[in-house]
Each structure stands twice: as structure tokens, then as C-alpha cells.
Amino acid sequence: MKKVYHLSSCNTCQKIIKELEFPNSFELQDIKAEEITKEQVEEMHALAKSYEALFSRRARLYRERELNKKELSEQDYKDLILDHYTFLKRPVIIYNDEIFIGNSKKTVAAAKAAIHG
């Protein structure tokens, strides 16, 4: 599988997509325009081994819902990601059987090396 879950309105996602120059074989999914499905989240989890790793604590709703004051389980993370797209740490890049989550320089460099290396 070659897929990128991103937000088209996110400048960071757009910068990373431009930098990584994905081959045409990649499918890009704007998670605001096309909601992620339970199956897609479960596919990501199978590679990441954790829903928490896929979860963004930077989401505005994280504080608004006072989730930062709660102890969240793996099931909570999964349910929240499915509830609202902002809870998915972005971008999520799946390349064959590897997953790259988020926008850290290290993650982007690893994705670039895997895809173009």
C-alpha cells in the first residue's frame, strides 16, 4: 500500500507532500473531505502497533474537551480518531509495510529515504 493521509488545509502537510514528491503510485486522501474509516484506522494501527501513536495531542479539541485531564485508553484513542479527523496526527504516510506518522524532521527524512532511497 502506498497512501498519504493528510489535511489539504494544513500548510505543514502541503509542505511535506511537496518535499517528498510522491510517485503517482501513491494515493493521497484529504481526511477532511474523505473521512477515514474504521478499517483504515485499523490498518494504520496494525503497522503502528498503537492508537496513541496515531493520536494528535495538538488538536484544539483535545483541550476543549478536557481530554488532557483524563487517562485515555487505546480504545479511547481509536474512538476519538474516528470521531473527528483533527485527532489523527498528520500526515500519516504508508509505504508498503512501513508507516510514518507526523511531521517531525526525523519522520519526514525516514519517509523520504524509504520512498526515494
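Just so you know, these numbers come straight off a predicted model, no measurement behind them.
Not a single salt bridge (Lys or Arg N to Asp or Glu O under 4.0 Å) links Lys89 to another residue, sequence neighbours left out. The salt bridge (Lys or Arg N to Asp or Glu O under 4.0 Å) test applied to Glu66 returns Lys69, not counting sequence neighbours. Partners of His45 under the ring-ring contact (aromatic ring centres under 6.0 Å, His included) rule, at least two apart in sequence or in another chain, are Tyr51. Every ring-ring contact (aromatic ring centres under 6.0 Å, His included) that Phe87 has, sequence neighbours left out, goes to Phe55. In this structure Asp83 satisfies the salt bridge (Lys or Arg N to Asp or Glu O under 4.0 Å) test together with Arg65, sequence neighbours excluded. Residues satisfying the side-chain contact (heavy atoms from CB on, under 4.5 Å) criterion with Lys49, sequence neighbours excluded, are absent altogether. Shown here are the side-chain contact (heavy atoms from CB on, under 4.5 Å) partners of Thr37, two or more places apart in sequence or in another chain: Glu39, Gln40. Under the side-chain contact (heavy atoms from CB on, under 4.5 Å) criterion, Glu71 pairs with no residue at all, not counting sequence neighbours. Contacts of Glu52 classified as salt bridge (Lys or Arg N to Asp or Glu O under 4.0 Å), with partners at least two apart in sequence or in another chain: Arg57.
Just one of Ile16, Leu7, Ile101 meets the side-chain contact (heavy atoms from CB on, under 4.5 Å) condition when paired with Arg90; it is Leu7.
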>> Test side-chain contact (heavy atoms from CB on, under 4.5 Å) on Leu72 and Leu80; report intermediate values, then the result.
In response: CA-CA 10 Å; Leu72 299 173; Leu80 287 163; 4.1 Å; yes
> Between Val41 and Tyr5, does a side-chain contact (heavy atoms from CB on, under 4.5 Å) hold up when you go through it step by step?
Replying inline: CA-CA 11 Å; Val41 171; Tyr5 296 94; over 6 Å; no
> Yes or no on side-chain contact (heavy atoms from CB on, under 4.5 Å) for Leu47 and Glu98, after CA distance, side-chain angles and deciding distance?
Replying inline: CA-CA 7 Å; Leu47 295 171; Glu98 291 184 83; over 6 Å; no
> Are Ile31 and Leu88 close enough, and set up right, to give a side-chain contact (heavy atoms from CB on, under 4.5 Å), and what steps lead you there?
Replying inline: CA-CA 9 Å; Ile31 60 174; Leu88 182 67; 4.0 Å; yes
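Transitive grouping of hydrophobic side chains (ILVMFWY, heavy atoms separated by less than 4.5 Å) brings Ile36 and Met1 into a common cluster.
In this structure, Glu74 places its CD atom where more than 12 heavy-atom neighbours from other residues, nucleotides or ligands lie under 6.0 Å away. Asn96 CG: more than 12 foreign heavy atoms inside a 6.0 Å radius.
Ile81 CD1 to Ser56 OG: the interatomic distance, rounded to the nearest 0.5 Å, is 9.5 Å. Distance check: Glu35 CD to Gln29 CD gives 10.0 Å after rounding to the nearest 0.5 Å. The CG atom of Asp79 sits 7.5 Å away from the OG atom of Ser73 when rounded to the nearest 0.5 Å.
Ion pair Lys15/Glu19 not flagged as a salt bridge, since none of the NZ, NE, NH1 or NH2 atoms sits closer than 4.0 Å to an Asp/Glu carboxylate oxygen.
Gln14 is listed as a side-chain neighbour of Ser8, based on a closest heavy-atom distance under 4.5 Å. Proximity of Leu28 to His6: side-chain heavy atoms (C-beta onward) are separated by under 4.5 Å at one or more points. Counting heavy atoms from C-beta on, the side chains of Thr86 and Arg60 never come closer than 4.5 Å.
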Hey, can you pull the donor-acceptor pairs under 3.5 Å for the side chains in residues 104-117, sequence neighbours left out?
residue, atom, partner, partner atom, Å
Ser104, OG, Thr107, N, 3.1
Ser104, OG, Thr107, OG1, 2.8
His116, NE2, Leu20, O, 2.5
His116, NE2, Glu21, O, 3.3

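Nearest approach of Ile99 to Met44, heavy atoms of both residues: CD1-O, 3.7 Å.
Within the structure, the ring pair (Phe, Tyr, Trp, His ring centres under 6.0 Å) test picks out the following pairs touching residues 9-43 (sequence neighbours left out): Phe22-Phe26, Phe26-Tyr95. Listed by first then second residue, pairs satisfying salt bridge (charged side-chain N to carboxylate O under 4.0 Å, His left out) with a partner in residues 2-12 read Lys3-Glu27, not counting sequence neighbours.
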